[in-house]
There are 2 protein chains.
Amino acid sequence: MAFQCVQNACLIGHRSSKMGKCMAERKLKNMEEFAAASGISRPTVSKYFNDPASVRKTTRQRIEKALEEFDYRPNIFAMNQNRKLTKNVGIVVPYLADPFFTEIARRMERCCLEAGFRPTLYSSHGQQHLENEILDSLRSLKPAGVLLAPLGRASDKRVIEKFCEDVPTVLFDSNIDGIGEAFVGSDNFSFVSQTVDYLTRTGESPCFFEMSTPANPNANKRRTAYLQTMERFGLEPHVVKVDGEGWAFEQIGRDGALRMLKAGGFPTSTVLCSNDRLAIGLLSACYDHGLRVGRGEGCALRVASHDDHPFSQFTCPSLTTAAHDYDSVSSHAFKTLNTLIEAGGRFDQREETLFAAHLVLRSSA
Amino acid sequence: MAFQCVQNACLIGHRSSKMGKCMAERKLKNMEEFAAASGISRPTVSKYFNDPASVRKTTRQRIEKALEEFDYRPNIFAMNQNRKLTKNVGIVVPYLADPFFTEIARRMERCCLEAGFRPTLYSSHGQQHLENEILDSLRSLKPAGVLLAPLGRASDKRVIEKFCEDVPTVLFDSNIDGIGEAFVGSDNFSFVSQTVDYLTRTGESPCFFEMSTPANPNANKRRTAYLQTMERFGLEPHVVKVDGEGWAFEQIGRDGALRMLKAGGFPTSTVLCSNDRLAIGLLSACYDHGLRVGRGEGCALRVASHDDHPFSQFTCPSLTTAAHDYDSVSSHAFKTLNTLIEAGGRFDQREETLFAAHLVLRSSA
DNA sequence: ATATAAATTTATCGCGCGTAAAGTTTTTTG
DNA sequence: CAAAAAACTTTACGCGCGATAAATTTATAT
């Protein structure tokens, strides 16, 4: 109790000392008051907050001067209540604990903020019911648009389709044919052809290491690309599938690789992993098994992969991988959404944009 | 154009086929209509949505029956406009690309949802101006409460203090003395004393590896704990500081370790890292330098650390570390916030709760 | 300068719900 | 069973802003 008094006294002290600095900064409680204080009518002020470029330059300057002078921010709930289109944007990723999605989401967030939108980030945590709930709850936010990376195999496609009918949505990372007005992602063929090509030029061509029931359609595209590329080269493909469900890819990769190694090893001396997280698990298995990975003399296995996961430069050895064009994917996804919003939520034709990978050579292959 | 037509036709087909399944599910546009449909007055319905337990059981059942029968959800903007206390909860972390925070945030999110709150996740991305903007924008959401892990050293403490005066806030992970009504975190002394004790019992006692200007006060507490524990054992401490600013801990750890190794190595054959992310960088440096890490015969260095970062079981070798009690920290932080909200936003005395670590023995030490 | 277009003001309504007061019904208590 | 308490209904108002129409001012073009 005594403590509390001292604290309050202290805080009051702070407050009054701050008052001195910002005498002019009166708190205005609504737009009416702010309009009066700035000498502009309320509807015009309202128009300004909706879109600053929609008012005359001199008016804009007067409002912005008042904005510096007074402490006023429009009530966000009242704003969105009657507005046909809010400035809210939802960003939904399937699994935020994967730093790949964190990176993409961060960039998208930035794009939104710079364009004057209010982004909100959601993660489905790998679970269908959460994805559905997120979309449901997103709907009630009346968002101007949504950037959605679906779970993939685990998604309830009917729910997503219905959502995309109601809310302007750009899919990214994981495509669902025909759903959403646009898709922005990476060109899986470009990933795989580059890694297979490189590995084949510099040593034995790779087997393909993947989950037997991948979470995500990209995995299927990558396997197909592997098979095609090997065929083009006139080489015999080997696909190694490991068991495991869900999004704990490292664990699945590790467990699967350990089983392989105990059962006699991989069919080839080069392994191409479907994605970096599987590769991280595989590398950890190799390490524990005493198998030296890399392209040097003492190395028994080469390992390469796809994604350029933020941690892949710190694996042992560092991971040779095909990198997403993070910046292009995120900024183009946002641009597409912005265009879609301005076009009223519909495109004449569904847009699909894929960005090529670039090979990142490190030590593992 | 032709494509668009075909698509629309298809979608219309879907819609009408669905209609058959849910004839009864009429869309009600506001609470007035829903109240009429459920046979309860609107103020009572409003009370129900505010707190289902606040209405009589029979009334609750009638409302919930209607809720199943009709498609109605209260308008979230109108709801929050006049409500003194919303059900919004902000969760703010300093750096979401760190899976440690992703894990904590996910658990907190779950707690919030289960208790009927609407959590929203924000990341400061390591930048002060973003942290400030988040708090500013959070303020206008009139949240019932906020779970805040501040940046630490980079935080503008005045801004955070002011925020905590206005909004019921529980700090977590990173404490700021006297700010916020409560803090929930881990007991850094428990982390370090356990690792130092273990390492000392099983081999040479460790030097302490850390950043020279840590992002976060926990680092300082851990250094102090290291020094105290070594002194208690009557051993000479060695603190190794590496340069680097910001949140790219792995890179900083790696670069620092490489410099150390080239300059002749570490002062002891055992290294205790301030946190797992630094250790991940250090392990990668050791690997590249050809230094075998672990507690076996052929090993030149033992490495241990703190946090039990989600990736620390996949490092090479897997990392011996002191683990946060993720579940306890997140659930207790939420419980504290809930209590705080119910207490009207103030505690008589600031609460500080620290959870002990538990040692996770893996291969690196 | 005059005509025309563009921007702003004035006035007024409505959004969907929270909230409060007063009256009515239902439940609980002794 | 009556009295008190609790829950509900009715009525009414207000929140802060979006949207619109008509009147007025200001800018642009001829």
Side-chain angles (χ1 to χ4, degrees), chain A residues 26-67 70-88 116 118 137 139-144, chain B residues 26-67 70-88 116 118 137 139-144:
Chain A
R26 252 178 48 216
K27 276 235 169 167
L28 304 180
K29 78 176 215 290
N30 59 26
M31 198 180 276
E32 200 77 52
E33 288 189 13
F34 175 76
S38 63
I40 308 283
S41 73
R42 189 177 68 78
T44 304
V45 170
S46 168
K47 225 179 147 212
Y48 166 86
F49 280 112
N50 195 342
D51 176 12
S54 70
V55 302
R56 203 187 294 146
K57 197 166 80 184
T58 56
T59 313
R60 184 162 58 246
Q61 288 167 341
R62 285 169 66 191
I63 293 179
E64 278 162 2
K65 206 191 97 215
L67 223 37
F70 300 97
D71 184 16
Y72 168 71
R73 301 191 51 171
N75 180 307
I76 203 171
F77 300 112
M79 265 184 64
N80 288 330
Q81 175 163 30
N82 298 324
R83 186 170 275 176
K84 303 189 195 309
L85 220 54
T86 70
K87 284 285 187 179
N88 300 328
R118 285 183 60 97
S137 132
R139 212 188 286 268
S140 64
L141 280 182
K142 294 194 279 186
Chain B
R26 251 178 53 216
K27 277 236 167 165
L28 304 181
K29 76 177 217 289
N30 60 27
M31 199 180 274
E32 199 78 51
E33 288 188 10
F34 176 76
S38 64
I40 308 283
S41 73
R42 190 179 66 75
T44 304
V45 170
S46 168
K47 223 178 149 214
Y48 167 85
F49 279 111
N50 196 342
D51 176 11
S54 69
V55 303
R56 203 187 294 146
K57 197 166 79 184
T58 56
T59 312
R60 184 162 58 245
Q61 287 167 341
R62 285 168 67 191
I63 293 179
E64 278 162 2
K65 206 190 95 215
L67 224 38
F70 300 98
D71 183 14
Y72 168 72
R73 302 193 49 172
N75 181 308
I76 203 173
F77 300 112
M79 265 184 63
N80 287 330
Q81 176 163 31
N82 298 325
R83 185 169 278 175
K84 303 190 195 310
L85 220 54
T86 70
K87 284 284 185 179
N88 301 327
R118 284 182 60 98
S137 131
R139 210 188 288 268
S140 64
L141 280 182
K142 294 193 279 187

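Below, each value reflects all heavy atoms present in this structure, side chains not excepted, and no hydrogens, waters or symmetry copies. Small disclaimer: the values here were computed from a predicted structure and weren't measured.
Nearest heavy-atom pair across B:Asn88 and B:Asn80 is ND2-ND2, 3.8 Å. Summarising the geometry of B:Lys27 relative to B:Asp71, their closest heavy-atom pair is CE-OD2, 2.8 Å, with the distance given to 0.1 Å.
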Donor-acceptor pairs under 3.5 Å, side chain of residues 72-79 of chain B to any protein atom, not counting sequence neighbours: which ones?
from	atom 1	to	atom 2	distance (Å)
B:Arg73	NH1	A:Asp136	OD2	2.5
B:Asn75	OD1	B:Phe77	N	2.8
B:Asn75	OD1	B:Ala78	N	2.9

Would you mind writing out the side-chain donor-acceptor pairs for residues 35-43 of chain A within the sub-3.5 Å range, not counting sequence neighbours?
from	atom 1	to	atom 2	distance (Å)
A:Ser38	OG	A:Phe34	O	3.1
A:Ser38	OG	A:Ala35	O	3.1
A:Ser41	OG	A:Thr44	OG1	3.1
A:Arg42	NE	A:Glu32	OE1	3.4

Requested in this report: Could you give me the CA-CA distance, side-chain angles and deciding distance for A:Thr86 and A:Arg118, then say whether side chain to side chain contact (heavy atoms under 4.5 Å, CB included) is met?
Outcome: CA-CA 9 Å; A:Thr86 70; A:Arg118 285 183 60 97; over 6 Å; no
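Across the protein-nucleic acid pair, B:Lys142 atom NZ and C:dG18 atom P stand 11 Å apart, rounded to whole Å. B:Asn82 has its CG atom 7 Å from the P atom of C:dT19, to the nearest Å. For the pair B:Phe77 CZ and C:dC15 P, the computed distance is 17 Å after rounding to whole Å. Counting to the nearest Å, the C1' atom of C:dG18 and the NZ atom of B:Lys87 are 15 Å from each other. In this structure, the CG atom of A:Asn80 is 15 Å from the C1' atom of C:dC17, given to the nearest Å.
Across all strands shown, B:Tyr72 has heavy atoms under 4.0 Å from sugar-phosphate atoms exclusively, and none from any base.
Taking a 4.0 Å limit (strictly below) on heavy-atom distances, residues 54-65 of chain B reaches DNA chain C at B:Arg56. A heavy atom lying under 4.0 Å from DNA chain D marks the following residues of residues 40-53 of chain B, by number: B:Ile40, B:Ser41, B:Arg42, B:Pro43, B:Thr44.
Screening residues 55-64 of chain A for salt bridge (Lys or Arg N to Asp or Glu O under 4.0 Å) gives no qualifying pairs among residues at least two apart or on separate chains.
One N or O on the side chain of A:Lys47 and one on the backbone of A:Ser54 form a donor-acceptor pair closer than 3.5 Å.
Chain B approaches DNA chain D over the interval D:dA7 to D:dG16, counting the first and last nucleotide 5' to 3' with an atom under 4.0 Å from its heavy atoms.
Between A:Met31 and A:Phe49 there is a side-chain heavy-atom pair separated by less than 4.5 Å.
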